[in-house]
Amino acid sequence: MNAPFPLTRHDAVLLDLDGTIVDSRAGIIGSLHDSLRDLGHEPDPQVDLTWVVGPPLHDLVARVLEHYGDDRAEEAVRLYRYHYERQGMHRSAVFAGMDTVIETVAQSGARLFLATSKPVHLARAILDLRGLTRYFTALYGAQPDDSGAEKPELIACLLHEQGVPAARAVMVGDRRFDISGAHANHVRALGALWGYGGEEELTEAGADALVNDPGELLGAIRTQLAAAHMHPAAE
């Protein structure tokens, strides 16, 4: 039996936050509901808002408001931020097993990076609450005004600033944005099925492999990095 592919300091693992490291659905949707109430709307319980976990904030808020015939997106974003920072971000439990994955990758010597569309100061606060920040080489996310949240540009910036070759990196995320953002930079991407995107979305996005649960993630990361070393994507 072949030994598992070893991770080294030359390898980089990029992790999404919402739906990959933490189960943030309740906190995000709860904060959206609170902001809708502040605007005078009663949240419609028939509307499934699971899709809001992942996309940049401004994009999703405008779409949510359309259902209520409201166009006050900027005000809704301000109210959402208030509620999320006050209560919502505290409702972000780490998915079972992800803390072990994070610790193991960091202890292997590989570099671990966060690549999230969430403002980086909020991402840091969530990781701080869970005692996980110390395992990351650097955190990449949006600016406080939510600019810079698009995954292709964010991952490109990370690779450039950290000197990470695409063939030595793998991205792990639960939404199509994670997969397409990685592939735009010739980085392999794993789809996390325990998150919010689901098998169909991740498959259509072209994920290099799907992972059922965090217990399978380390093996999948090693497999993708080994494949990337053998068959690097054309730059």
Side-chain angles (χ1 to χ4, degrees), residues 12-25 27-32 34-36 38-39 49 51-65 71-92 94 102 111-130 132-164 166 169 171-185 187 189 195-197:
V13 178
L14 284 55
L15 296 179
D16 175 45
L17 181 64
D18 297 315
T20 301
I21 298 175
V22 296
D23 186 357
S24 50
R25 181 183 184 277
I28 290 173
I29 293 177
S31 299
L32 270 176
D34 287 340
S35 63
L36 286 170
D38 289 347
L39 292 171
L49 291 178
W51 65 269
V52 305
V53 185
L57 181 60
H58 277 83
D59 296 348
L60 67 90
V61 164
R63 285 182 58 191
V64 170
L65 286 176
D71 62 0
R72 291 174 289 173
E74 291 300 323
E75 177 68 2
V77 166
R78 184 187 68 78
L79 291 167
Y80 172 86
R81 285 182 182 143
Y82 169 77
H83 290 295
Y84 189 79
E85 293 191 35
R86 189 164 175 247
Q87 294 181 324
M89 74 174 189
H90 295 277
R91 301 172 67 188
S92 297
V94 178
I102 289 169
R111 289 186 290 170
L112 187 63
F113 297 98
L114 189 74
T116 176
S117 292
K118 187 182 292 297
V120 71
H121 72 283
L122 290 179
R124 183 181 299 278
I126 289 170
L127 293 175
D128 284 347
L129 284 171
R130 308 302 173 188
L132 295 175
T133 310
R134 61 197 172 103
Y135 294 109
F136 288 83
T137 298
L139 310 180
Y140 281 77
Q143 299 300 312
D145 64 356
D146 293 296
S147 63
E150 300 298 330
K151 282 289 171 78
E153 291 78 12
L154 188 150
I155 292 173
C157 179
L158 186 162
L159 297 177
H160 175 72
E161 291 186 354
Q162 299 295 329
V164 176
M171 174 75 199
V172 183
D174 69 307
R175 299 300 308 274
R176 59 186 174 85
F177 312 100
D178 302 308
I179 308 304
S180 60
H183 287 171
N185 290 283
V187 170
Y196 310 120

Identify the two heavy atoms, one from Leu127 and one from Phe136, that lie closest to each other, and give their separation to 0.1 Å.
CD1-CE1, 4.0 Å
His160 NE2 to Cys157 SG distance, which is reported to the nearest 0.5 Å
7.5 Å
Donor-acceptor contacts, no H, no angles, side chain residues 83-92, under 3.5 Å, sequence neighbours left out:
{"from": "His83", "atom 1": "NE2", "to": "Asp38", "atom 2": "OD2", "distance (Å)": "2.6"}
{"from": "Tyr84", "atom 1": "OH", "to": "Lys118", "atom 2": "NZ", "distance (Å)": "3.1"}
{"from": "Ser92", "atom 1": "OG", "to": "Met89", "atom 2": "O", "distance (Å)": "3.4"}

Strictly distance-based, threshold 3.5 Å: is any side-chain N or O of Arg63 a donor or acceptor partner for the main-chain N or O of Val52?
no
Salt bridge (Lys or Arg N to Asp or Glu O under 4.0 Å) involving Asp34 - partner list, sequence neighbours excluded:
Arg37
Glu153: what forms a salt bridge (Lys or Arg N to Asp or Glu O under 4.0 Å) with it, not counting sequence neighbours?
none
List for me each residue that meets side chain to side chain donor-acceptor pair (under 3.5 Å) alongside Asp71, sequence neighbours excluded, and say none if there are none.
none
What's the spacing between Ile102 CD1 and Leu15 CG if we round to 0.5 Å?
6.0 Å
With no hydrogens and no angle check, is any side-chain donor or acceptor of Lys151 less than 3.5 Å from a backbone partner on Ala115?
yes
Find the distance between CD1 (Ile179) and CG (Asp174) and round it off to the nearest 0.5 Å.
9.0 Å
Determine, stepwise, if the pair Ile21 / Thr116 fulfils side chain to side chain contact (heavy atoms under 4.5 Å, CB included).
CA-CA 11 Å; Ile21 298 175; Thr116 176; over 6 Å; no
Search all heavy atoms of Leu154 against all heavy atoms of Ala142 and return the closest pair with its distance.
CD1-N, 4.4 Å
Atom CZ in Arg124, atom CG in Leu129: separation rounded to 0.5 Å?
13.0 Å
Greater than 12 external heavy atoms within 6.0 Å of Arg72's CZ:
yes
Between Asp178 (side chain) and Val172 (backbone), is there a donor-acceptor pair under 3.5 Å?
no
Over all heavy atoms of both residues, which pair between Ser24 and Gly19 is shortest? Give the atoms and the distance, please.
OG-N, 4.2 Å
At their closest point, which heavy atom of Asp16 faces which heavy atom of Met171, and how far apart are they?
N-CE, 3.6 Å
For Val164 against Ala12, the heavy-atom pair lying closest together
CG1-CB, 3.6 Å
For Ala156 and Asn185, work out which heavy atoms get closest and say how close.
CB-OD1, 3.1 Å
Calculate, to the nearest 0.5 Å, the distance between atoms CG and OH belonging to Leu36 and Tyr80 respectively.
11.5 Å
Could you walk me through whether Val64 and Trp51 pass side chain to side chain contact (heavy atoms under 4.5 Å, CB included), step by step?
CA-CA 10 Å; Val64 170; Trp51 65 269; 3.8 Å; yes
Please enumerate all residues that pass side chain to side chain donor-acceptor pair (under 3.5 Å) together with Tyr140, with sequence neighbours excluded.
Glu161, Gln162
Is a salt bridge present between Arg175 and Asp18, judged by a nitrogen-to-oxygen distance below 4.0 Å?
no
Any sub-3.5 Å donor-acceptor pair from Ser147's side-chain atoms to Gln143's backbone N or O?
no
Can you tell me how far apart CG (Leu60) and CD1 (Ile28) are? Round to the nearest 0.5 Å.
8.5 Å
Can you sort out the partners of Arg78 under side chain to side chain donor-acceptor pair (under 3.5 Å), two or more places apart, ordered by chain and number?
Glu75
Judged by atom type as modelled, is there a donor-acceptor pair below 3.5 Å linking the side chain of Thr133 to the main-chain atoms of Asp128?
yes
